[in-house]
Amino acid sequence: MLSVLEEVVRRAAAEAGAPGFDVVSEAPPSPALGDVAFPTAFGLARVLRRPPRAIAPLLANALRERPEVARVEIAGPGYVNVFVRRRAWLAAAETPRDPEPVDGVHIVEHTSINPNKAAHIGHLRNAALGDSFARILRYLGRDIEVQNYIDDTGVQVADVALGFHALRGASAADVRELARAPRFDYLCWDLYTEVSRWVESDPEAATLRREALHGLEHDEEPWAGIGAAVAEAVARRHLETMDRIGVRYDLLACEKTIVRLSFWDRAFELLRDAGAIRRPDEGRNLGCWVMETPLAQDGQKVIVRSNGTVTYVGKDIAYQMWQLGLLDREFRFRRFFDYGEAASRAAWITTDGEGDADPPRFGQAALVHHVIDARQAYPQQIVQESVARLTSESDRERTRHFSYEMVSLTPATVAALGLAGAAAGDGGAVEVSGRKGVGVKADDFLDALIERARGEVAQRNPELEAGQRDEVARDIAVGALRYLMVRVTKNQPIVFDLEEALAFDGATGPYLQYAAVRARKILGRAAAPLPERLPAPPPDLDEQMAALDEGEAGDLWVLLREAAGLGAAAARAAEHEDPQVLARWAYEGAQRFNAFYHRYPVATEPAPALRALRLFVVETFFFQHRLGLGLLGIPVPWRM
RNA sequence: GCGCCCUUAGCUCAGUGGAGAGAGCAACAGGCUACGAACCUGUAGGUCGGGGGUUCGAAUCCCUCAGGGCGCGCCA
């Protein structure tokens with residue numbers, strides 16, 4: 001609807017003598033000034049060499065011809081302010097408009113935690129961002145496939161395998177037995193830091209570690225067996241943890257299968273034949289295969305080491321080629337993790353062994369987003385560059401780095417958790433480090449939130465039985481966590497403070513949930529059924545609103561108008577590649593609704609017409625707000 | 001040295017080149033006889049890091065300086 005008006009102004013600008021003029025609309029500072037504002041006349045003034053006040057009427061007249069426009073005013077030095085026909089405007093809000101429709105599958109790859117230790121607060125940011133992004137795109141109509149890359153042959157898994165073998169004397173069978181413990185990943189967390197300290201202080205351990213890594217890569221025992229047991233069990237734990245906050249995956253892509261199924265060998269041939277990589281005859285990279293690029297400091301980025309092994313960047317090139325359907329190789333797939341209910345949905349995993357029959361189709365994507373922290377911007381650029389050289393320049397645009405900043409800890413949090421090995425930087429923030437064991441584990445944090453929520457729920461709802469109370473507490477904890485992770489722009493580093501994170505007042509998940517719960521309670525009080533689709537506005541909405549006193553008309557209309565803006569907010573979030581945009585929409589909506597519900601009685605309003613109108617506002621808000629929260633993975637508790 | 005990100009109220013953060021720069025927390029003053037106050041209303045709090053420039057108009061774009069974070073490996 002908005003784009004229709006923009007198009008009208010664009011045409012009017014063209015007729016006035018400025019074809020192709022970039023027309024943008026904005027929200028007026030107050031509802032009294034209109035619903036949509038065009039500052040277009042200012043820009044046109046320069047092009048047309050006429051004052052803005054002379055140009056504005058041309059735009060206004062064009063807008064007045066549209067059926068969805070009720071009134072147009074020219075304000076101040078030349079703003080064109082549009083008052084829309086409200087019923088028509090709301091009716092058009094049902095279907096969101098995808099700003100960049102994708103023809104084919106769109107992969108969102110996120111989480112991708114090394115499967116050698118428990119997930120921590122930093123991984124939660126990745127998963128929450130990736131999952132929300134995927135949900136938003138799906139809402140806009142995209143065919144989304146969620147992948148999770150598992151580095152099961154890297155040094156991190158090698159370290160824990162080394163720990164089990166050398167420090168614990170455990171076999172692969174022993175590890176599989178240990179992995180039956182409910183939080184095996186916690187055990188690995190501690191072992192990993194133990195090994196890291198050992199390797200730092202003992203040269204012999206460093207030698208053993210190289211041996212373990214080599215064993216993982218070349219399928220040699222005992223390393224391969226122990227490593228596989230660790231990686232599979234910990235990856236499973238990560239899926240359990242993420243499932244607790246509503247994050248699910250379609251496919252786990254394992255590095256091991258990329259190597260074993262010769263994806264890299266094939267990618268290497270392609271890179272070599274395309275001249276994208278070459279062997280230097282001299283210099284310090286003698287004996288390697290390198291890609292020449294100005295991105296690298298000395299103009300060369302090593303892809304294959306002089307000992308013949310491939311770097312992480314090389315493996316990622318092969319993986320991304322496969323994701324884009326540019327590699328003539330295919331994985332085999334195994335069903336790996338069933339998600340509750342009727343097991344209607346499951347996460348699959350790649351395998352180099354026997355695959356299950358009839359797996360879903362994976363890969364062959366038109367577009368891929370890689371949710372990876374900002375530190376990896378450089379290697380991601382190298383991978384993009386490689387893909388472009390192997391195929392076409394346009395393929396570079398098909399693989400994108402969804403970059404976000406890191407999570408660190410406040411000194412107070414480090415102290416409260418008694419984290420040893422933590423060194424505060426000058427800025428006060430403490431870097432999360434799996435290697436050092438410095439971090440807030442995801443499950444611990446969620447448990448703490450649940451505990452805090454349980455207390456709040458018990459206090460407010462003493463009549464609830466334990467099971468109900470726990471269910472509500474879980475929903476609140478998930479809401480608090482998910483909102484915390486997306487309320488700030490992804491480019492802003494987060495310094496995590498435990499006490500602050502446990503707060504449920506103000507701009508928090510529970511605040512957003514509270515508005516939804518209140519709205520639903522009102523519907524219940526009014527004996528109105530919960531809306532199953534966006535409620536249709538009454539035919540005489542515009543007339544009814546005109547009959548209200550000005551203050552209430554403004555309050556109700558802004559609530560309706562902004563609720564109808566969910567699709568636009570989702571589209572902006574997709575464009576900016578940042579769920580924060582939608583989180584802001586949800587927060588502002590909750591704020592408006594809370595103010596509304598204090599000011600205007602609904603179920604208890606005696607005048608039937610007014611009651612019906614306010615009820616329509618509540619229904620519309622509730623439907624859209626719950627939908628928006630769902631896109632952020634925030635559940636609506638049945639009670640608070 | 002090169003590249004990316006950040007710098008807005010005491011703190012944590014929003015802010016499409018456009019109309020008095022906004023929230024939350026903290027502080028202060030109010031509001032529960034329940035569509036339940038996890039809420040609402042109000043007060044106070046600003047050199048948008050500094051300086052130039054472009055523009056009718058700059059927190060927003062460009063240049064520059066300063067401060068902070070992170071990259072630039074035959075680690076992943």
Side-chain angles (χ1 to χ4, degrees), chain A residues 24-30 33 37-39 42-43 45-46 51-52 75-79 81 114 151 154-156 255 284-285 287-290 294-298 301-313 315-316 373-379 381 403-406 408 425-427 429 431 453 456-457 459-461 476 480 487-489 491-495 497 500 503-511 513-515 517-526 572 575-576 580-581 583-584 587-588 590-591 594-605 614 618 639-640:
Chain A
V24 290
S25 61
E26 60 183 55
S30 90
L33 289 171
F38 289 95
F42 302 118
R46 184 169 24 232
Y79 287 97
N81 291 338
N114 275 299
D151 181 6
V155 288
Q156 296 213 17
E255 186 172 280
R284 61 198 188 99
N285 293 329
C288 301
W289 285 88
V290 304
L295 295 169
Q297 195 164 37
D298 57 359
K301 175 67 189 169
V302 172
I303 306 297
V304 180
R305 304 180 188 107
S306 56
N307 68 4
T309 57
V310 58
T311 61
Y312 150 81
V313 168
K315 291 174 197 164
D316 208 32
D373 72 67
R375 291 182 307 190
Q376 296 201 47
Y378 166 65
Q381 276 186 318
S403 168
Y404 67 93
E405 282 293 339
M406 310 292 295
S408 55
D426 295 334
E431 188 189 355
E456 298 286 329
V457 175
Q459 197 182 323
R460 284 161 229 258
N461 305 277
I476 291 172
R487 56 175 277 248
V488 177
T489 317
N491 290 329
Q492 185 80 244
I494 290 181
V495 184
D497 183 79
E500 204 179 289
F504 294 155
D505 297 330
T508 66
Y511 179 83
Q513 295 173 313
Y514 186 77
V517 171
R518 288 282 72 80
R520 192 176 45 202
K521 187 66 176 292
I522 292 171
L523 296 181
R525 255 309 172 94
R572 256 180 292 129
E575 270 179 311
H576 292 353
Q580 178 269 342
V581 175
R584 179 156 41 90
Y587 175 68
E588 289 172 354
Q591 250 184 339
N594 281 333
F596 159 85
Y597 114 96
H598 269 272
R599 198 168 301 150
Y600 305 105
V602 180
T604 55
E605 165 60 41
R614 287 178 182 163
V618 176
R639 180 128 192 216
M640 280 183 84

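Proteins get letters first, then strands, A, B, ... in listed order; numbering begins at 1 in each.
- Comparing B:rG18, B:rC74, B:rA38 by their nearest atom to the side chain of A:R305 picks out B:rC74.
- Note that the CD1 atom of A:I494 and the CZ atom of A:R487 stand 8.0 Å from one another [nearest 0.5 Å].
- Donor-acceptor pairing under 3.5 Å, judged by distance alone, is present between the side chain of A:S306 and the base of B:rC74.
- By the 5.5 Å and 30° criteria, A:Y511 is not stacked with the base of B:rA38.
- Of the candidate nucleotides B:rG31, B:rC35, B:rA76, B:rC35 has the atom nearest to the side chain of A:I522.
- Separating the CG atom of A:L295 from the P atom of B:rC2 is a distance of 16 Å, rounded to the nearest angstrom.
- One finds the CD atom of A:E456 at 5.5 Å from the CD atom of A:Q459 (value rounded to the nearest 0.5 Å).
- Using a 4.0 Å heavy-atom criterion, one finds that A:S408 contacts no nucleic acid atom at all.
- Using a 4.5 Å cut-off on side-chain heavy atoms (C-beta onward), A:K301 and A:I303 make contact.
- B:rG1: Watson-Crick or G-U partner is B:rC72, with both key distances under 3.5 Å.
- Nucleic acid contact class of A:P379 (heavy atoms, under 4.0 Å, all strands): base.
- Distance CZ (A:R639) to C1' (B:rA34): 11 Å, rounded to an integer number of Å.
- Closest approach to the A:H598 side chain among B:rG24, B:rC39, B:rA19 is made by B:rC39 (side chain taken as heavy atoms from C-beta onward).
- Using P as the reference atom, B:rG42 and B:rG24 are 10 Å apart when rounded to the nearest Å.
- Position along RNA chain B of the nearest nucleotide to A:E405 versus A:G287 favours A:E405 as the more 5'-ward residue.
- Look at A:R584 and you'll find a side-chain N or O under 4.0 angstrom from OP1 or OP2 of B:rG15.
- Searching all strands for a Watson-Crick or G-U wobble partner of B:rC35 with both distances below 3.5 Å returns nothing.
- Within the nucleic acid shown, A:P493 comes within 4.0 Å of sugar-phosphate atoms alone, with no base atom in reach, counting heavy atoms only.
- Note on A:Q492: only backbone sugar-phosphate atoms sit closer than 4.0 angstrom, heavy atoms only; bases stay farther off.
- Across B:rC11 and B:rG57, the matching P atoms stand 33 Å from one another, rounded to whole Å.
- A donor-acceptor contact under 3.5 Å links the side chain of A:N81 to the base of B:rA19.
- Across all strands shown, A:V488 has heavy atoms under 4.0 Å from sugar-phosphate atoms exclusively, and none from any base.
- Residue contacts shown for A:A515 are absent, as no nucleic acid heavy atom lies under 4.0 Å away.
- At a threshold of 4.0 angstrom between heavy atoms, the contacts of A:Q580 are confined to the sugar-phosphate backbone, with no base atom among them.
- Each of B:rA14, B:rA19, B:rC74 was ranked by its minimum atom distance to the side chain of A:A75; first place goes to B:rA19.
- Residue A:I476 is in base contact, counting any heavy-atom pair closer than 4.0 Å across all strands shown.
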side-chain contact (heavy atoms from CB on, under 4.5 Å), that's the test. Do A:E26 and A:Y79 meet it? Break it down for me.
CA-CA 10 Å; A:E26 60 183 55; A:Y79 287 97; 4.1 Å; yes

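- Considering only side-chain N and O atoms, A:Y514 lies under 4.0 angstrom from the phosphate OP1 or OP2 of B:rA38.
- Rounded to whole angstrom, the span from the CE atom of A:M406 across to the C1' atom of B:rC6 amounts to 15 Å.
- Between A:D373 atom CG and B:rC70 atom P the separation is 12 Å, expressed in whole Å.
- In this model, the phosphate group of B:rG1 is not approached by any side-chain N or O of A:Q297 to a distance below 4.0 Å at OP1 or OP2.
- Atoms CG (A:D298) and P (B:rC72) sit 13 Å apart, rounded to a whole Å.
- When both pairing distances are held under 3.5 Å, B:rG24 makes a Watson-Crick or G-U pair with B:rC11.
- Relative to the side chain of A:P39, the nucleotides B:rG31, B:rG18, B:rA76 differ in distance, and B:rG18 lies closest.
- Nucleotides B:rU55 and B:rA14, compared at atom P, are 31 Å apart to the nearest Å.
- The separation of B:rA44 from B:rC28, taken at their C1' atoms, amounts to 8 Å, rounded to a whole angstrom.
- Across all strands shown, A:D497 has no heavy atoms under 4.0 Å from either base or sugar-phosphate atoms.
- Nearest to the side-chain atoms of A:V602 among the listed nucleotides B:rC35, B:rC74, B:rA19 stands B:rC35.
- Within the 4.0 Å cut-off from OP1 or OP2 of B:rC5, not a single side-chain nitrogen or oxygen of A:S403 is found.
- Using Watson-Crick or G-U wobble geometry with both donor-acceptor distances under 3.5 Å, B:rU47 finds no partner in any strand shown.
- Rounded to whole angstrom, the span from the CD atom of A:E588 across to the P atom of B:rG22 amounts to 13 Å.
- Within 4.0 Å of A:F504, counting heavy atoms only, lies at least one base atom of the nucleic acid.
- Remark: the A:N491 side chain and the A:T489 side chain contain no N/O donor-acceptor pair separated by less than 3.5 Å.
- Rounded to a whole angstrom, the distance from the P atom of B:rG50 to that of B:rU7 is 13 Å.
- Side chains of A:R614 and A:I522 form no contact here, defined as non-hydrogen atoms less than 4.5 Å apart.
- Between A:Y511 and A:Y587, the ring planes are tilted. Angles from 30° to 60° get that label.
- Using a 4.0 Å heavy-atom criterion, one finds that A:Y79 contacts the bases of the nucleic acid, with or without backbone contacts as well.
- If you find the closest nucleotide of RNA chain B to A:Q381 and to A:R375, the one lying nearer the 5' end belongs to A:Q381.
- Rounded to a whole angstrom, the distance from the P atom of B:rC13 to that of B:rG53 is 33 Å.
- In this structure, the nucleotide among B:rA76, B:rG57, B:rC39 sitting nearest to the side chain of A:R46 is B:rG57.
- The partner of B:rU55 is absent, by the rule that a Watson-Crick or G-U pair needs both atom distances under 3.5 Å.
- In this entry the distance linking CZ of A:R572 with P of B:rG15 reads 10 Å, nearest Å.
- Atom CZ in A:F42 sits roughly 12 Å away from atom P in B:rG57 (whole-Å rounding).
- For the P atoms, the distance linking B:rG71 with B:rA76 amounts to 16 Å, nearest Å.
- Within the model, atoms OG of A:S25 and CG of A:N81 stand 11.5 Å from one another, a figure rounded to the nearest 0.5 Å.
- Among the heavy atoms of the strands lying under 4.0 Å from A:V457 is at least one base atom, whether or not backbone atoms are also near.
- For B:rG45 and B:rA29, the C1' atoms lie 15 Å apart once the distance is rounded to whole Å.
- At a threshold of 4.5 Å between non-hydrogen side-chain atoms, the residues A:I476 and A:Q513 count as touching.
- Taking 4.5 Å as the limit, some side-chain heavy atom of A:V602 sits within range of a side-chain heavy atom of A:F596.
- Contact annotation for A:Y600: base contact, defined as any heavy-atom pair under 4.0 Å involving a base atom.
- Counting any heavy atom pair closer than 4.0 Å across all strands shown, A:E605 reaches no nucleic acid atom.
- For B:rG67, the paired base is B:rC6 (Watson-Crick or G-U wobble, both distances below 3.5 Å).
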